[in-house]
Student: 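Structure below; questions to follow.
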Amino acid sequence: MTCTPARPVASQGITAPAGRTLLPLTPTGTRHGGRSFMTCQYRCGNACDHPEPNRTGHGHVQDEIAKAVARRSVLKGAAAGSGVMVLGGTLAAAAVAPAAADPTGPTTARPVSGDLATAAFTPVRPNRRDAVVTPSGFDHDVVIRWGDGVVAGAPAFDVRRQSPEAAKQQFGYNCDYVGVLPLRDAKRDRKDRSLLVVNHEYTDEALMFPAGVYSDTEITAIAMANHGMSVVEIRRGSRAGSWRRVKSLKKTRHNRRVHIDTAFVLDGPAAGDERLRTSADPSGTTVLGTLNNCAGGTTPWGTVLSGEENFNQYFDLPSGEQLDQRYTDAYARYGITGSGRGWSAVDPRFDLAAEPHEPHRFGWVVELDPYEPDEAPVKHTMLGRFKHEGANVALTRDGRAVAYMGDDERGDYLYKFVSRDSMRTGPSARARRHNKTLLTAGTLYVAKLVGDGTEDGQYDGTGEWLPLCDETTSFVPGMSVADVLLFTRLAADKLAPTRMDRPEDVEPNPVNGKVYAALTNNSQRGSTFQPDEANPLTSSMVRSSIGAPLTPAAGNRNGYVLEMTPAGSDHGAGTFTWDLMLVCGDPEAPETYFAGFDKSQVSPISCPDNVAFDDRGNLWISTDGNALGSNDGVFRVPVTGAERGRVTQFLTVPRGAEACGPLVADDNRSLWVAVQHPGEVDGATFEDQASTWPHSDDFPRPSVVVAFRDR
Ligand code: FEO
Ligand code: CA
Ligand code: CA
Ligand code: CA
């Protein structure tokens, strides 16, 4: 290991400490939500600082309403500055409801059931603890941490002896998506085992590496190897709903670490396109690695989908070089600027001047079959290229696969894909092979939402899925099928879909057939973006810390949960109706709305990110970037009946972390949560950490936990 001298960080004119990250140091304070500058820099390359990639002027489905809002402004009095669109009826009544007496809702005794769908529990209150906090009567286990061995032969983790080779055998950094699949084994009774599949979205070099131990190049190479995915065999713990990883790695047959050198197959209509070819891959069909994998979904045929999200930030442009002018518009629309992370020093394919096509090989939905550890994972070009949060699959009435997807950028779109062929049932190898082709042919759509006016007291309306292309035909004038799939954002712009407030997880509810999308926030709604009925808030109430007064802030700061009902209750339908089921925030804030539920009985919630369902159809929401002063967490929300809209906080994650996953599994007895970036608080360094969770070391380790009833 070598030390490097202090060196200037060009972008800010400040000096990085010896042995410190290649990235520029971050200023302190908070940004959108409660998210730190540090998270913004490491996770998405400060996307918020860059010019809005979607420069189209369309998408204002309720321009007349927007104008009316501008004229009539907002509710008076306490609502002044809240930016809520003027509504009559129930929503307006909710908006001016008295201040909540107890925003964390009623208290109950110890839960009598371990069924997370029905258990009554005392909601977890907003807090800033450096801990995973569950309600009284529940407990949690840490199942796997950053650095724990994944494949046989993995060296023991030592934060001062990290290497790329070790990282490729260990659990990567910043776990995000969590899938749990039953381990089917005809020869051995393995009912007590399952496969845990997890994404590793990004790295935070300031928290991962002690100063003075590693060279910049070593830091970069190790960080690169900490991206990807892990497949880990797990077994039941001693308490119902608890699980632990199988530690005898030699006895695991499915454990796998997908990393920066893992070969992926590109399939679908755009595979092999000239714009996907590089000097290392003249066929344009094989890509090494997957980047910035955020959320995902487990398919009905037993594979895992994973979204490549902020992939644009990994490509460097050496000084004196220019971006390839053939791709000026495309690079701009995806935020590919050449302001990368220095990876080209380790692997020249991340040099945009040398390999202008390499970025085109990221931004896809990935499919991984965890039951086939030797099979190359696939990047499906048919599902389009954008900043994929994830993809979740439901079936049409005739058995075709429908993947719902969000493009996580301010002002970007909701998408869905409907397969041409139907899923085959049964466990045969032939059926599985067929089902793994479903995402290669079908139709890709983008969503347009139209409000029906706010006089009805609801943010609601109708929606249409606008076809972009199928596997042989483009429906976008002037663009081929490959054009549409490679540059999906540019294609969608031409159809004037609705510009949303950062679509994150989009997931069908298997019980009621509706589809739920987390629209996490957009601080620029009302400035860069005009409001519409689906994105109504131009300001919202935030807190600087727990107990501080609510104050207005520009834009939509706390996010929404959008509920979509497919026409005829068929996911294949071309139209739908929609409503904003939740307008998130503190229940004392006048703009908030919890599906009409009594605001004195709900927990404050801010910045919904990932959604999941238990097997009774309750919605579970994890948050990222709390704008109300609390740590992030996980919430349960019934979507039907008298309890519809009752937001109840079940869990909080440690200081600086975001809650990812979540997943309710094992007959509602297990809640899986990925605790991502604990301690990612501005100013924190390896030597001066803001968190030491899970408290096994003197530095934080992103980890997957499972919560369950404590018997
Ligand atoms: Fe990785 Fe869209 O959050
Ligand atoms: Ca309405
Ligand atoms: Ca997230
Ligand atoms: Ca989800």
Side-chain angles (χ1 to χ4, degrees), residues 32-36 39-48 173-180 197-204 227 290-299 304-313 335 363 365 386-394 403-410 412-414 500-510 515-522 559 561 606-614 618-626 632-635 637 653 656-665 671-678 680 702:
H32 52 81
R35 188 48 62 222
S36 68
T39 296
C40 290
Q41 174 172 290
Y42 284 96
R43 198 215 349 246
C44 61
N46 287 323
C48 296
Y173 205 73
N174 270 347
C175 39
D176 197 307
Y177 177 72
V178 177
V180 174
V197 184
V198 178
N199 288 345
H200 303 296
E201 184 178 8
Y202 73 105
T203 51
D204 187 324
H227 288 64
T290 184
L291 292 176
N292 213 264
N293 299 67
C294 196
T298 297
T299 64
V304 169
L305 305 180
S306 170
E308 296 185 323
E309 197 189 40
N310 292 299
F311 67 91
N312 57 306
Q313 60 179 306
V365 166
F386 44 90
K387 291 188 179 180
H388 280 284
E389 170 73 17
N392 286 282
V393 172
Y404 288 97
M405 302 175 282
D407 184 354
D408 181 8
E409 186 101 52
R410 292 182 314 242
D412 261 294
Y413 309 131
L414 291 163
M500 308 298 291
D501 283 353
R502 291 187 57 200
E504 300 257 17
D505 221 353
V506 190
E507 188 154 337
N509 183 329
V515 181
Y516 294 80
L519 304 170
T520 195
N521 58 55
N522 181 354
V561 173
S606 180
C607 302
D609 188 344
N610 298 125
V611 297
F613 302 93
D614 60 45
N618 293 308
L619 173 64
W620 290 75
I621 303 170
S622 63
T623 66
D624 170 19
N626 190 299
D632 279 314
V634 178
F635 301 77
V637 193
V653 292
E658 90 180 66
C660 302
L663 175 74
V664 183
L671 173 69
W672 291 87
V673 181
V675 178
Q676 193 186 82
H677 59 75
E680 195 165 64

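Not measured: the values here are computed from a predicted model. Ligands are counted one by one from 1 in listed order, and the atoms in each one are counted from 1 as well.
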Student: Quick check: of its N, O or S atoms, which one does E201 have closest to atom 1 (Fe) of ligand 1?
Tutor: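 Answer by atom name: OE2.
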
Student: Looking only at N, O or S atoms in E658, which is nearest to the Ca ion (ligand 3)?
Tutor: OE2

Student: Determine whether V673 and V178 satisfy the following criterion, side chain to side chain contact (heavy atoms under 4.5 Å, CB included), listing intermediate values before the conclusion.
Tutor: CA-CA 7 Å; V673 181; V178 177; over 6 Å; no

Student: Begin with the C-alpha distance, continue with both residues' side-chain angles, and end with the deciding distance and a verdict on side chain to side chain donor-acceptor pair (under 3.5 Å) for N310 and E201.
Tutor: CA-CA 9 Å; N310 292 299; E201 184 178 8; 4.7 Å; no

Student: To the nearest 0.5 angstrom, please state how far the CD atom of E658 sits from the SG atom of C607.
Tutor: 10.0 Å

Student: Give, rounded to 10 degrees, the angle between OE1 (E389) and OE1 (E504) as seen from atom 2 (Fe) of ligand 1.
Tutor: 70°

Student: Mind checking whether atom 1 (Fe) of ligand 1 has an N, O or S of E309 under 2.8 Å?
Tutor: yes

Student: What's the spacing between D609 CG and S622 OG if we round to 0.5 Å?
Tutor: 5.5 Å

Student: So which atom in V675 and which in A657 form the shortest heavy-atom distance, rounded to 0.1 Å?
Tutor: CG1-CB, 3.8 Å

Student: Got a sec: is D408 within less than 2.8 Å of atom 2 (Fe) of ligand 1 via an N/O/S atom?
Tutor: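 So D408 counts as coordinating atom 2 (Fe) of ligand 1, yes.
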
Student: Would you check if atom 1 (Fe) of ligand 1 lies under 2.8 Å from any N, O or S atom of C294?
Tutor: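 It does; at least one qualifying atom falls short of 2.8 Å.
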
Student: Between R502 and D408, does the salt bridge (charged side-chain N to carboxylate O under 4.0 Å, His left out) criterion hold? Intermediate values first, please.
Tutor: CA-CA 5 Å; R502 291 187 57 200; D408 181 8; 2.8 Å; yes

Student: Considering only N, O or S atoms, which atom of D609 is nearest to the Ca ion (ligand 3)?
Tutor: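 Considering only N, O and S atoms, D609 comes nearest to the Ca ion (ligand 3) through OD2.
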
